[in-house]
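These notes are about the structure you will find just below.
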Amino acid sequence: MKRKILALTLVLTLALLLAACAQSAPAEQPAAQPAPAQEEQPAVSGDVQPASEIVVYNWSEYIDPDIYSQFTDATGISVIEDNFSSNEEMLAKLQGGAAGYALTVPSDYTVAIMIEEGMLSPLDHANVPNLANLGERFRNLPYDPGNQYCVPYQWGTTGLGYDSAVIDEPASYAAIFEPDPNSAWYGRTTMLDDPRESFAAALVYLGYDINTTDEGQLEEAKQALIRAREGLAGFDSDTFEDLVASGENVMAHGWNGDFLVVQEENEDVAYVVPEEGGVVWVDNICIPASASPEQKLAAEMFINYLLEAEVGAQLSEYNYYASPNAASEELLDPEFLEDPTVYPPAEVLEKLQYIRPVGEAESLFQRLWDEVKTAS
Ligand code: N2P
């Protein structure tokens, strides 16, 4: 069937893309463990009993709240959610010693940073038998081979959302980086409040690698962002899609699924990856090293619950992001599975890159980003 061939092509393209990021793989990881397929119930390790309550540190509007209550009904464990707006905000909070979180949801490059800094607790696969449902290509990602620490949560792309009833498709990032006071989107556009994402947009626009650590190129990108600011209503990672749907703004730099969600409210909202390309990412659910054994066990039970075929499908039906859960895919609407906004066609995928950890230059990105935001 045509659909199957298309799906296979996408799988292969994504696998290639992921393989291309292999240089960010932490060295000397043991080989992947095959996921145990038989067990139905998570094994309770030793005398440890699961915590009666867990706090999940997640991006906003990234999970159907019913999933939490269903999990509570199934296990008796209640769930509280706290939100962050960027990987860097989450990282800074955990590095600052914030404890009490049983789960957090870093993107690919941030998983690599957190593993390297000893900030994550390795998963006990015996407690996560539903790992067997995870798609093959999500089992050996370069930043966490063998899912030793994390389980891929959802994946997506970063581009431009816009109100197609008001403006034409913004085919290029020039719409942002060459602000024109006469354009309909001047003053009615936002960019992500996110150092690596917004620098990635500026860097691809300038024709540079999004992971460059060249100070001259980064300085140029900073100047481009400062110029872009003239035409921006602000930097926003939490409500950008709502502001386009409500008509307050007409364009936003943001994540694909968020724009798809608000199409229910305003069907004119559309999304495009500009011709220069952009970012593809995989978010992951992981347990901070600061979790107690009881919290860790409850967190593993939650991860296992998310990996149920029906729950994974429910997650994608809520947040409109692509699922790494192969068993869930069978339950998803074929229209969703064929949506090029969710599953980019090969010619778009090849223009997308992963953000990678840049080591010591991480603080340079942060300093330049602060300068963008405070420039007058
Ligand atoms: C959901 C945010 C998507 C996370 N609102 C982007 N990594």
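All ligand and atom numbering here is 1-based and tracks the order in the structure.
Here Asp258 has side-chain heavy atoms under 4.0 Å from ligand 1, and that is the only part of it that gets that close.
In terms of N/O distances under 3.5 Å, ligand 1 is approached by Ser60. Ligand 1 has no N or O atom lying under 3.5 Å from any N or O atom of Glu61, backbone or side chain. In terms of polar-atom proximity, Asp283 is counted as a contact of ligand 1, with an N or O under 3.5 Å from an N or O of the ligand.
Atoms of ligand 1 lying under 4.0 Å from at least one heavy atom of Trp59, given by number and element, are 2 (C), 4 (C), 7 (N).
By the 30° and 60° cut-offs, the orientation of the rings of Trp155 relative to Tyr343 is perpendicular.
Checked against the 6.0 Å centroid criterion, the rings of Trp281 and Tyr321 qualify as a close aromatic pair. Between Tyr153 and Tyr62, the gap from one ring centroid to the other is short of 6.0 Å.
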Distance-only criterion, 3.5 Å: show the donor-acceptor pairs between side-chain atoms of residues 166-179 and protein atoms not counting sequence neighbours.
{"from": "Ser172", "atom 1": "OG", "to": "Ala174", "atom 2": "N", "distance (Å)": "2.8"}
{"from": "Ser172", "atom 1": "OG", "to": "Glu276", "atom 2": "OE2", "distance (Å)": "2.5"}
{"from": "Glu178", "atom 1": "OE2", "to": "Tyr205", "atom 2": "OH", "distance (Å)": "2.2"}

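Counting only residues at least two apart or on different chains, the disulfide bond (SG atoms under 2.5 Å apart) pairs with a member in residues 148-187 are Cys150-Cys286.
Closest heavy-atom approach to atom 2 (C) of ligand 1 within the set Tyr153, Trp155, Trp255: this belongs to Trp255.
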